[in-house]
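Worth saying up front: this structure is predicted, and the values here are computed from it rather than measured. Remember, it's 1-based here, ligands and their atoms both numbered in the order they're listed.
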Amino acid sequence: MATQDQEFPSTIIDILQSSQRVVILTGAGISAESGVPTFRQAQTGLWAQYEPTELATPAAFERDPGLVWEWYSWRRELISNTAPNPGHYALAEMESFYPDFTLITQNVDGFHQLAGSQKVVELHGNIFRNKCTGEGRHIQDLPQTDEEPPHCPNCGGLLRPDVVWFGESLPSNALDSAFKAVKFCQLFLSIGTSTIIEPAASLPFFALNNGATVIEINPQETPLTPLASYAVPQPAGDFLPKLVKAINS
Ligand code: APR
């Protein structure tokens with residue numbers, strides 16, 4: 001069922017107020033209003049000629065590690081110059097209403113934590129962390145060097161951002177936590193995600209199969225839209241603060 005309403009159907013409010021176990025799934029759309037381009041948006045400036053999906057792969061890093069590192073440096077700077085928006089803050093506030101609340105994100109920008117969310121499952125890693133391609137260990141402080149990418153101070157392997165690239169497996173502990181939370185949730189909000197990149201794309205359908213109410217918040221249609229319990233075609237930064245206000249009412 002699609003809802004365009006500014007006010008909320010009372011059934012949604014009832015569900016939001018009576019649920020105990022809530023899962024949120026976010027994608028690039030929630031950070032779009034902060035100014036972080038989504039993966040499917042055209043890039044700007046020097047990077048306009050590249051598709052993100054061609055840079056965020058192990059093959060791209062193998063072919064040209066300097067280029068991929070430079071692209072991530074650019075993305076890091078872009079994210080550092082932006083900030084969480086009212087959508088992120090509304091979700092952080094929502095967490096305090098529910099005894100069992102899990103926020104699963106495909107984003108690597110760390111904005112949910114910055115906005116105050118506590119229980120965040122990062123499915124695709126975090127762009128501000130680095131790991132060694134040789135040993136897989138996390139490297140807290142980057143070595144002082146002009147090399148791009150720098151080499152691991154322990155084993156000499158190349159360093160890379162600790163994000164999940166296309167074709168790579170997701171961190172198994174994050175994936176386990178996500179599926180466990182979804183298995184028992186009563187309410188699932190899918191926010192700002194195209195619902196096409198697996199395995200995250202399966203989560204709302206898993207929730208539906210388990211009897212949860214699934215609400216999608218996305219201005220564009222996705223494969224979830226026709227099946228969601230409610231589909232809200234509005235920007236997350238507009239809608240989520242109103243939703244929190246309505247839950248409080
Ligand atoms: N509010 C809500 N949704 C929005 C907004 C907004 N203001 N702006 C855009 N969207 C929606 C778009 O309509 C689109 O469906 O956000 C979605 C963004 O889609 P993608 O860029 O494909 O991002 P996402 O679904 O998070 O991608 C999943 O795939 O590209 C990889 O690893 C990358 O984590 C990413 C994953």
Non-hydrogen atoms of Phe239 versus ligand 1: any pair closer than 4.0 Å?
-> no
Given that the side chain starts at C-beta and the backbone is N, CA, C, O, which of these parts of Ile197 lies under 4.0 Å from ligand 1, counting heavy atoms, or is it both or neither?
-> side chain
Is there any N or O on Glu33 that sits under 3.5 Å from an N or O of ligand 1?
-> yes
Just wondering, do Pro161 and Trp69 contact through their side chains at under 4.5 Å, heavy atoms?
-> yes
Less than 3.5 Å between some nitrogen or oxygen of Gln234 and one of ligand 1, yes or no?
-> no
Proximal candidate to atom 19 (O) of ligand 1 [heavy atom criterion; set Ser194, Pro52, Gly125] = Ser194
Which protein heavy atom lies closest to atom 22 (O) of ligand 1, and at what distance to 0.1 Å?
-> Arg40 NE, 2.6 Å
Ile104 and Val182, any side-chain heavy atoms less than 4.5 Å apart = yes
With side chains defined as the heavy atoms from C-beta onward, is the minimum distance between Phe101 and Ser117 less than 4.5 Å?
-> no
Considering only the protein, which heavy-atom contact is closest to atom 13 (O) of ligand 1, and what is its distance?
-> Asn218 OD1, 2.7 Å
Would you check whether Asn107 has a nitrogen or oxygen atom less than 3.5 angstrom from a nitrogen or oxygen atom of ligand 1?
-> no
Chi angles and distances behind the side chain to side chain contact (heavy atoms under 4.5 Å, CB included) call for Tyr230, Thr213 = CA-CA 8 Å; Tyr230 300 94; Thr213 300; 4.2 Å; yes
Can you sort out which atoms of ligand 1 are near Pro219, meaning under 4.0 Å from one of its heavy atoms?
-> 1 (N), 2 (C), 3 (N), 4 (C), 5 (C)
Report yes if some heavy atom in the side chain of Phe184 is under 4.5 Å from a heavy atom in the side chain of Asp100; otherwise report no.
-> no
Ile30 to ligand 1: N or O pair under 3.5 Å?
-> no
Which atoms of ligand 1 are found less than 4.0 Å from any heavy atom of Gln106?
-> 28 (C), 34 (O), 36 (C)
Taking atom types as modelled, is there a side-chain donor on Gln106 or Thr193 under 3.5 Å from an acceptor on the other?
-> yes
Pull out every atom of ligand 1 sitting under 4.0 Å from any heavy atom of Pro235, numbered as shown with elements.
-> 1 (N), 6 (C), 7 (N)
Distance filter under 4.0 Å to His124 heavy atoms, resulting ligand 1 atoms | 32 (O), 34 (O), 35 (C), 36 (C)
Contact with ligand 1 for Gly237, non-hydrogen, under 4.0 angstrom | no
May I ask you to list the atoms of ligand 1 that are less than 4.0 angstrom from any heavy atom of Gln220?
-> 13 (O)
Any N or O of Ala28 closer than 3.5 Å to N or O of ligand 1 | yes
In plain terms, say whether Glu122 and Arg129 are close enough for a salt bridge, that is, a side-chain N and a carboxylate O under 4.0 Å apart.
-> yes
For Glu198, does the CD atom have more than 12 heavy-atom neighbours from other residues, nucleotides or ligands under 6.0 Å away?
-> yes
State whether the shortest distance between N or O atoms of Gly192 and N or O atoms of ligand 1 falls below 3.5 angstrom.
-> yes
Using a distance-only test with no angle check, is there a side-chain donor-acceptor pair under 3.5 angstrom linking Glu216 and Thr222?
-> yes
Check Ala32 against ligand 1 and report side chain, backbone, both or neither, counting heavy atoms closer than 4.0 Å.
-> side chain
Assess whether side chain to side chain contact (heavy atoms under 4.5 Å, CB included) is satisfied between Arg160 and Phe61, documenting all intermediate values.
-> CA-CA 9 Å; Arg160 56 165 282 183; Phe61 190 72; 4.0 Å; yes
Residue pair Asn130 / His138, side-chain donor-acceptor N/O under 3.5 Å = no
